[in-house]
There are 4 protein chains.
Amino acid sequence: MTGSTPGRHGTPRLRADAARNRAQILAAARIAFRESGTAVPLDEIARRAGVNIATLYRRFPDRDALITQVLLDGFTLVLDTARTAAKQAQTDPLTAVETFLQGLIDNRDLLSLPLIGGPMTNDPQAHELQREIASALEEILTEGRARQALRPDVTAVDLITTAALICRPLPHLPPQQATALATRHLGVFLDGLRPEHTRTLPPPPTHEEMAAHLVLENGSADTSTQP
Amino acid sequence: MTGSTPGRHGTPRLRADAARNRAQILAAARIAFRESGTAVPLDEIARRAGVNIATLYRRFPDRDALITQVLLDGFTLVLDTARTAAKQAQTDPLTAVETFLQGLIDNRDLLSLPLIGGPMTNDPQAHELQREIASALEEILTEGRARQALRPDVTAVDLITTAALICRPLPHLPPQQATALATRHLGVFLDGLRPEHTRTLPPPPTHEEMAAHLVLENGSADTSTQP
Amino acid sequence: MTGSTPGRHGTPRLRADAARNRAQILAAARIAFRESGTAVPLDEIARRAGVNIATLYRRFPDRDALITQVLLDGFTLVLDTARTAAKQAQTDPLTAVETFLQGLIDNRDLLSLPLIGGPMTNDPQAHELQREIASALEEILTEGRARQALRPDVTAVDLITTAALICRPLPHLPPQQATALATRHLGVFLDGLRPEHTRTLPPPPTHEEMAAHLVLENGSADTSTQP
Amino acid sequence: MTGSTPGRHGTPRLRADAARNRAQILAAARIAFRESGTAVPLDEIARRAGVNIATLYRRFPDRDALITQVLLDGFTLVLDTARTAAKQAQTDPLTAVETFLQGLIDNRDLLSLPLIGGPMTNDPQAHELQREIASALEEILTEGRARQALRPDVTAVDLITTAALICRPLPHLPPQQATALATRHLGVFLDGLRPEHTRTLPPPPTHEEMAAHLVLENGSADTSTQP
DNA sequence: TATGAATGAGCGTTCATTCAT
DNA sequence: TATGAATGAACGCTCATTCAT
């Protein structure tokens with residue numbers, strides 16, 4: 001995750017203890033955002049991270065900065081997952097989709113924001129990551145259509161939407177069971193991706209409609225507080 | 001909706017204006033909970049409803065009472081939808097499932113809490129409604145299995161899970177487009193419900209596991225703040 | 001003072017207790033601003049006024065609103081003083097100036113902001129009051145020049161500047177002694193206003209220069225914290 | 001200014017860079033105190049001085065130490081100005097007063113604290129400087145009374161009071177115009193110092209009253225935040 | 001009954017000050 | 001020595017909740 005990688009060009013390397021604190025803050029934020037939404041008191045994140053609230057503010061000047069970094073880390077993980085999956089596209093496109101979506105389910109805990117909806121960000125890094133994710137998914141779909149291994153009407157946006165839906169927490173369920181339910185749902189969805197017996201899907205939103213809301217780039221981001 | 005129906009046994013009939021206020025509060029709460037989570041300031045709900053905050057408190061002694069009522073109204077709507085769908089089960093079980101899930105998508109705005117995750121409630125009315133919903137869905141599934149119109153491994157819990165997933169808001173998207181994407185996802189899912197070409201699903205959580213967490217009764221309820 | 005006058009057109013009359021609280025808050029603010037500057041903690045103002053901080057916020061949504069009201073009350077008092085003085089202009093213009101300036105010294109405690117510098121305000125009421133103050137002073141000066149009772153090179157701006165200077169607190173001095181020193185200074189200044197033995201004063205800033213900074217209207221307002 | 005002179009008896013000579021830092025801190029403090037009051041965040045002073053906050057703390061163990069040094073530098077400047085003026089007393093006492101007061105106006109920017117009100121200090125150096133300032137002014141006044149060039153009822157305290165009044169910033173005015181207005185005010189005041197046509201001034205506070213509050217020594221110092 | 005008003009408690013954020021490098 | 005980092009405490013402001021009208 002780029003977020004915890006110090007020494008990035010232009011930002012001076014963090015001192016060892018500071019870097020540790022920073023990583024702990026991000027880990028705590030990830031959990032807290034997922035459990036209690038992005039409006040969770042920052043005090044609580046600091047407490048979970050074992051640092052003072054002012055230390056959190058030193059690293060992340062405001063809530064948005066913290067959210068954005070969690071978001072970027074999440075997008076990076078999504079991209080890695082998509083690229084890993086894309087390597088399977090030549091062999092078996094449907095399995096590649098499965099690898100992608102199941103990979104995300106397996107990392108649900110790390111994906112609070114990019115998929116279940118963080119605030120929109122205008123961070124250029126985030127946009128770039130979103131573009132690359134979409135590109136990797138298109139690669140899989142193109143191959144799947146060419147081999148008639150996937151129904152042709154499914155788009156990258158549909159996969160991102162699906163990712164957003166199945167990664168959201170099912171509160172009040174222990175993680176293991178929530179994952180089991182999401183995996184079962186995914187199983188049915190994957191069977192529906194076969195090219196046979198396909199019903200006609202309603203037309204997707206046009207690219208213009210989506211672009212206006214950054215959907216392609218930011219599947220399901222949202223500003224609000226959520227679980 | 002039972003929530004706004006006065007004269008229920010044991011509660012004195014409300015004066016006309018009081019009943020109107022109560023209904024306006026519930027409508028405002030539904031919208032506000034969906035947009036800003038159940039932690040939204042009660043002031044805001046009162047303002048949107050056009051009443052004083054103290055009036056809201058008179059009707060609903062605390063936040064939980066308000067949430068519970070919104071929840072009950074939502075469960076009632078889900079049950080109505082499930083019963084309507086069940087009538088089609090004799091003719092076409094797969095279409096019945098579609099009717100149920102598409103019906104919920106079409107009423108997403110009214111379903112903030114029961115499906116996208118409101119707080120758990122121990123209200124006995126809620127439990128009864130949840131039981132009846134599950135029962136109506138079982139009716140559809142039983143018929144579907146008997147006619148081999150549905151894959152046999154899908155359960156009522158799976159349908160409730162699916163309902164919970166597809167009804168959640170996709171923030172940052174205008175309602176129309178969010179609905180379009182959810183509907184496309186549902187289309188693929190429904191194709192995956194056919195009995196042919198079914199992959200093996202992982203075993204569902206046992207009834208005991210679920211019961212401990214009220215999942216069957218309360219698909220995806222949660223305590224926290226959410227959109 | 002307009003600030004404490006309820007029932008103004010458009011704002012509903014305050015309840016009796018609320019009006020009392022409001023007046024106490026304004027009185028406390030006047031004192032605290034004078035003693036500790038406009039950056040004084042609002043908690044302290046609330047405490048001095050004997051109300052809860054939230055009550056203060058209910059009446060004055062932010063610090064600026066409170067400052068502005070104190071400012072308006074002060075300008076109103078300055079205007080009253082100027083008008084009273086102007087009535088003497090026909091008889092004795094120099095005494096009229098003395099009445100004006102001594103009157104302000106005697107009310108120093110009520111004049112923290114308009115003269116010793118509150119933040120600039122764009123409040124139209126304030127502008128109107130400032131205009132009327134300048135006008136009353138011009139009336140005195142015109143009469144004084146006509147009768148050769150005042151040196152002709154002194155302007156309304158000079159009188160406002162003088163007012164600003166002599167009304168500022170001399171911290172660390174008990175009020176009585178500070179007033180005595182200011183009064184002595186004023187005595188010398190008034191002798192300097194006689195038409196005889198006048199040295200040449202440097203040219204005043206042009207009206208354009210002043211207008212750009214609202215000096216004519218707002219003699220010595222300032223944004224910052226001050227004693 | 002003594003403040004920036006290293007090598008004073010008892011304090012070890014500072015390394016060159018340390019001395020430069022110290023001077024920069026003092027310069028930044030002078031400006032910041034004037035603009036934003038003595039309560040201005042020390043961070044900001046450090047930033048303006050281009051040093052780390054911890055460096056500031058190494059030089060000045062607390063805010064008071066910094067304030068006191070700025071105060072001492074200011075008193076030194078006032079004393080220099082008074083002594084320069086006193087040399088003219090033999091020739092022209094009224095001009096000597098003018099030289100003193102106009103000299104202070106011209107250095108307003110360097111005089112934030114001693115005249116416009118810094119916190120009281122018990123620093124013995126400050127007391128000594130204040131005593132010497134009063135002494136130089138007395139010299140002028142004595143000469144002026146002897147030659148009947150000045151009204152006899154004006155005291156050194158009056159001159160210090162006047163200095164305090166005319167050196168205060170007139171916020172919201174650009175420096176040039178504020179200086180112009182202060183100079184015009186001074187012009188009238190100086191004309192009022194002539195021995196003719198003098199009205200009776202109220203009695204000055206007794207020396208005892210003043211001594212209790214260090215007025216003679218510290219014309220208008222105050223503890224609070226101010227512009 | 002409905003409302004304006006008041007309050008206490010909580011969270012966001014900043015700052016003075018100290019510590020580790 | 002100078003600095004990055006960490007901390008505790010203060011203050012601004014909002015909100016849930018209760019009281020008086």
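To find a chain, count down the sequence lines: A is the first, B the second, and so on, and within it residues start at 1. Predicted model, so just to flag it, every value in this text is computed and none were measured.
In terms of heavy-atom proximity, A/E44 sits nearest to A/V40 at OE1-CG2, 3.6 Å. Taking both residues in full, the closest heavy atoms of D/R34 and D/D109 are given as NE-OD1, 3.7 Å, listed atom of the first, atom of the second, then distance. Closest approach of C/R59 and C/A18 over heavy atoms only: NH2-CB, 3.6 Å.
The residue among C/L42 and A/L56 whose nearest nucleotide of DNA chain F is located toward the 5' end is A/L56. Each of C/D17 and D/T55 has a nearest nucleotide on DNA chain F; the 5'-most of these lies closest to D/T55. Between C/A54 and A/D62, the one whose closest nucleotide on DNA chain E sits nearer the 5' end is C/A54.
For the pair C/E44 CD and F/dA10 C1', the computed distance is 13 Å after rounding to whole Å. Between D/I53 atom CD1 and E/dC15 atom P there is a gap of 11 Å when expressed in whole angstrom units. Rounded to an integer number of Å, the gap from CD1 of B/I25 to P of E/dT3 is 9 Å. Here F/dC11 presents its P atom at 18 Å from OH of A/Y57, a figure rounded to the nearest Å. Distance CG (C/N52) to P (F/dT17): 17 Å, rounded to an integer number of Å. Between the CG atom of D/D43 and the C1' atom of F/dT3 there is a distance of 13 Å, rounded to whole Å. The separation between B/R59 atom CZ and E/dT1 atom C1' is 8 Å, rounded to whole Å. What separates CD1 of A/I67 from P of E/dG12 is a distance of 11 Å, to the nearest Å.
A distance-only check finds a donor-acceptor pair linking the side chain of C/T68 to the backbone of C/D64 [under 3.5 Å]. Judged by distance alone, with hydrogens and angles left aside, the side-chain atoms of B/R47 form no donor-acceptor pair with the main-chain N or O of B/N52 at under 3.5 Å. For D/R48 (side chain) and D/I25 (main-chain N/O), no donor-acceptor pair under 3.5 Å exists by modelled atom type.
The side chain of D/A18 has F/dA2 as its nearest neighbour among F/dG12, E/dT3, F/dA2. Of the candidate nucleotides F/dG12, E/dA5, F/dA16, F/dA16 has the atom lying nearest to any side-chain atom of B/P41. Checked against E/dA6, F/dT14, F/dC13, the side chain of C/R58 finds its nearest nucleotide in E/dA6.
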Review point. Could you write out DNA chain F as a dot-bracket string, with dots for unpaired bases, | for bases paired across to another strand, and Watson-Crick or G-U pairs counted at under 3.5 Å?
Key: .||||||||||||||||||||
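Looking at heavy-atom distances under 4.0 Å, B/N21 makes contact with sugar-phosphate atoms alone, never a base.
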Review point. Between A/I45 and A/I53, does a side-chain contact (heavy atoms from CB on, under 4.5 Å) hold up when you go through it step by step?
Key: CA-CA 8 Å; A/I45 294 178; A/I53 177 68; over 6 Å; no
